[in-house]
Amino acid sequence: MNTEQPKKELSAIKGTKDILPQEARLWQIAEAAAKEIFELYGYRELRAPVIEPTELFEKGTGASSDIVTKEMYTFTDKGGRSVTLRPEYTPSVVRAIIEHRLDLQPQPLRFYYIGPMFRYDKPQKGRYRQFHQIDIEVFGEKDPAVDAEIVEMAHRLLRQLGVENVTTMVNSVGCKKCRPAYGAELRKAAAAVKDRLCPDCQRKAELNPLRIFDCKIETCREVASNFPKITDFLCAECQEHFQEFLGYLDFYGIPYRVDPTLVRGLDYYTKTAFEIVAEHLGAQNAICGGGRYDDMVREFGGPDLCGIGFAMGLERLLSVAKIEPPKKSFVYFAYLGEEAKKQSIATARYLRSEGIECLVEFKDRGMKAHFSRANKIGADWVLIIGEDELAKGKFQLKDMIDSKQYEGTAEELAKIILLKDKKGIKSREE
RNA sequence: GUGAGUGUAGCUCAAGGGUUAGAGCACCGGACUGUGGAUCCGGUGGUUGGGGGUUCGAAUCCCCUCACUCACCCCA
């Protein structure tokens with residue numbers, strides 16, 4: 001490459017990155033696994049736009065949330081409308097349900113989606129400005145059995161991708177009836193001991209007293225341990241829902257930890273909230289977070305339709321997943337001369353139609369250079385076409401793994417390749 | 001938004017004020033014109049992130065800036 005480089009180097013913008021082929025292979029596998037598993041539970045893909053009216057998130061995600069107040073990619077388009085690159089997915093699905101009257105279809109509705117989200121955050125380990133989520137939502141199912149089912153589904157996906165050592169944290173954040181009373185009690189308790197809290201927590205005492213539970217300072221933890229717990233304030237309905245949810249988790253045999261201080265960052269959650277955290281992920285260790293949001297559709301002016309869902313962070317998931325990409329063999333063409341080059345092109349065309357990956361490089365090389373090249377790029381097979389082969393109408397096929405060499409027509413050699421590939425797959429499955 | 005750490009070749013790293021900034025790996029070529037991996041030889045590749053300052057002299061010391069990394073806040 002001898003084109004002149006521009007003086008100013010262009011690079012991906014902060015918090016975004018290229019996913020190069022080797023890594024993209026892992027993404028493909030994780031995405032395929034997610035789709036396959038979700039479809040097994042009756043979920044169907046629903047693709048919503050990446051860009052939405054800004055009001056959608058102000059209303060859905062919550063005008064007071066951190067996401068909306070300081071993390072959105074918002075700009076004005078040429079028509080003067082305020083638009084936003086979605087920071088999360090749920091409001092888009094809710095919008096789509098109302099817009100297309102999907103609530104008139106047989107319920108419950110089950111959707112999934114995999115795609116990029118955008119938050120203007122300061123990047124760090126496990127946190128990016130463009131990141132990717134696997135998202136699922138269920139609408140119109142009140143039964144706590146479904147709360148447990150989505151947790152079990154998440155676990156199945158994690159297991160499939162070789163993720164080990166995860167902890168499932170669960171909680172109930174109550175509903176409109178019982179949560180306000182708890183909030184008031186908590187605020188009262190925090191205000192009473194305000195002088196014993198760190199400056200940061202003193203600020204939280206009024207804004208969001210639940211966050212005091214997360215403080216790392218010893219005295220704050222000690223003080224907070226005497227604060228009232230949400231689980232003691234749940235109304236009868238929420239209490240029953242929570243207990244049944246836990247009962248179904250037990251039924252599935254999924255270990256969990258009840259964490260009364262678990263709050264999700266988004267305002268709209270009701271009743272069930274859960275999080276799955278992994279080891280070795282740094283500070284941002286939640287790979288999956290979700291919960292129930294029974295009021296959201298109605299608050300958008302839609303029908304009274306309850307909802308529940310979770311989001312899994314793909315970057316975080318992949319950093320703890322153990323995925324071994326299956327090895328697919330391919331054929332490198334070693335040809336000598338113009339006539340053999342044409343024959344290679346034609347033969348590759350045939351082999352590809354049989355599902356065999358072929359690489360014909362358009363560079364004059366000697367036989368040694370061909371082999372050296374084939375070896376370097378990891379070819380499993382080398383198909384040799386020179387004068388002798390052209391005359392005979394039969395080619396040489398060398399197996400680069402065990403150095404055996406075969407002679408035959410394109411059809412005969414295709415069979416040899418396909419047979420060995422099949423065996424290879426079989427032995428991997430055992 | 002706040003704080004800390006790190007920036008030297010595509011990658012991993014040397015050089016800690018003193019010739020023209022080096023090495024390994026990788027890449028390209030040769031030894032080797034019909035058979036790969038090894039070995040040997042050669043080559044490409046750098047405004048030392050950028051700008052300014054101190055100095056006879058700066059990759060090295062100082063300031064600013066940018067980028068990356070990690071942490072806080074918050075979240076996937």
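Being a predicted model, the structure only gives us computed values, none of them experimental.
B:C41 and B:G53 have their P atoms separated by 46 Å, given to the nearest Å. Only the P atoms considered, B:G42 is 11 Å distant from B:G24, to the nearest whole Å. Going from the C1' atom of B:C68 to that of B:G50 covers 15 Å, rounded to whole Å. Only the P atoms considered, B:A26 is 38 Å distant from B:C66, to the nearest whole Å. With P as the reference atom, B:A76 and B:G7 are 34 Å apart, rounded to whole Å. B:A14 and B:A23 have their C1' atoms separated by 7 Å, with the value rounded to a whole Å. Across B:G22 and B:G16, the matching P atoms stand 14 Å from one another, rounded to whole Å. The separation of B:C25 from B:C64, taken at their C1' atoms, amounts to 36 Å, rounded to a whole angstrom.
Between A:F310 and A:F38, the angle of the ring planes goes over 60°, which puts this pair in the perpendicular group of the 30/60° scheme. The aromatic rings of A:H132 and A:W27 lie perpendicular to each other, with more than 60° between the two planes, well past the 30° mark.
Within 4.0 Å (heavy atoms only), A:A374 reaches no atom of the nucleic acid at all. Nucleic acid contact class of A:L317 (heavy atoms, under 4.0 Å, all strands): none. Looking at heavy-atom distances under 4.0 Å, A:K404 makes no contact with the nucleic acid at all. Within the nucleic acid shown, A:G386 comes within 4.0 Å of at least one base atom, counting heavy atoms only. Using a 4.0 Å heavy-atom criterion, one finds that A:E71 contacts the sugar-phosphate atoms exclusively. A:G282 comes within 4.0 angstrom of sugar-phosphate atoms only, judged by non-hydrogen atoms across all strands, and of no base. Across all strands, A:I287 comes closer than 4.0 Å only to sugar-phosphate atoms, never to a base (heavy-atom distances).
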Just do the side chain to side chain donor-acceptor pair (under 3.5 Å) check on A:Y113 and A:Q133 with the steps written out, would you?
-> CA-CA 8 Å; A:Y113 180 67; A:Q133 286 187 335; over 6 Å; no

Evaluate side chain to side chain donor-acceptor pair (under 3.5 Å) for A:T347 paired with A:Q343, printing each intermediate quantity in order. CA-CA 6 Å; A:T347 307; A:Q343 182 58 252; 3.1 Å; yes

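Of the candidates B:G34, B:A76, B:C28, the closest approach to any side-chain atom of A:A286 belongs to B:A76. Closest to the side chain of A:S372, from the set B:A71, B:C74, B:G36, is B:G36. Comparing atom distances between the A:A283 side chain and each of B:A76, B:G29, B:A71 picks out B:A71 as nearest.
As rounded to whole Å, 13 Å separates atom P of B:A76 from atom CE of A:M312. Note: CD (A:E361) to C1' (B:C28) measures 14 Å, nearest angstrom. Rounded to an integer number of Å, the gap from CZ of A:R127 to C1' of B:G1 is 11 Å. The distance between atom CE of A:M367 and atom C1' of B:G37, rounded to the nearest whole Å, is 17 Å. Summarising the geometry, the separation between NZ on A:K376 and P on B:C25 is reported as 13 Å, rounded to the nearest angstrom. Rounded to a whole Å, the OH atom of A:Y120 is 20 Å from the P atom of B:A76. If you take NE2 of A:H132 and P of B:A76, they are 16 Å apart, rounded to a whole angstrom. Put simply, NZ on A:K125 is 13 Å from P on B:C72, counting in whole angstrom units.
For the residue pair A:L157 and A:I134, the shortest heavy atom distance occurs at CD2-CD1, 4.3 Å.
Side-chain atoms of A:E389 come within donor-acceptor range of the base of B:G34, with a qualifying N/O pair under 3.5 Å. In this model, no side-chain donor or acceptor of A:Q396 finds a partner on the base of B:U35 within 3.5 Å. Donor-acceptor pairing under 3.5 Å, judged by distance alone, is present between the side chain of A:S403 and the base of B:G36. Contact annotation: side chain of A:R119 to base of B:C74, donor-acceptor pair absent below 3.5 Å.
Checking A:K398 against A:A12, the closest nucleotide of RNA chain B that is more toward the 5' end is the one next to A:K398. In terms of position along RNA chain B, the nucleotide closest to A:K70 lies nearer the 5' end than the nucleotide closest to the other residue of the pair A:E315 and A:K70.
Under a cutoff of 6.0 Å and an axis angle of 45°, A:R129 and A:Y120 form a cation-pi pair.
Partner of A:E152 under the side-chain hydrogen bond (donor to acceptor under 3.5 Å, both in side chains) criterion, chosen from A:Y41, A:Y252, A:Y248: A:Y41.
Looking at A:E88 and A:T61, their side chains do bring a donor and an acceptor atom within 3.5 Å of each other. A donor-acceptor pair shorter than 3.5 Å can be found between the side chains of A:H370 and A:Y332. A:T84 and A:E52 share no donor-acceptor pair across their side chains, judged by distance under 3.5 Å alone.
Not one side-chain nitrogen or oxygen of A:K122 sits closer than 4.0 Å to the OP1 or OP2 atom of B:C73. Applying the 4.0 Å criterion to OP1 and OP2 of B:C28, one finds that A:R373 has a side-chain N or O inside that range. Considering only side-chain N and O atoms, A:K14 lies nowhere under 4.0 angstrom from the phosphate OP1 or OP2 of B:C66. The side chain of A:K368 places an N or O atom within less than 4.0 Å of a non-bridging phosphate oxygen (OP1 or OP2) of B:G36. For A:Q284 and B:C74, the shortest distance from a side-chain N or O to OP1 or OP2 is not below 4.0 Å. The side chain of A:Q124 places an N or O atom within less than 4.0 Å of a non-bridging phosphate oxygen (OP1 or OP2) of B:A71.
A syn base is found at B:G16: its glycosidic angle is within 90° of 0.
Put simply, NZ on A:K404 and NZ on A:K398 are 12.5 Å apart, with the number rounded to the nearest 0.5 Å.
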Under the rule of Watson-Crick or G-U wobble with both distances under 3.5 Å, where | means paired to another strand and [ ] a crossing pair, RNA chain B maps to (((((((..((((....[...)))).(((((.......))))).....(((((..]....))))))))))))....

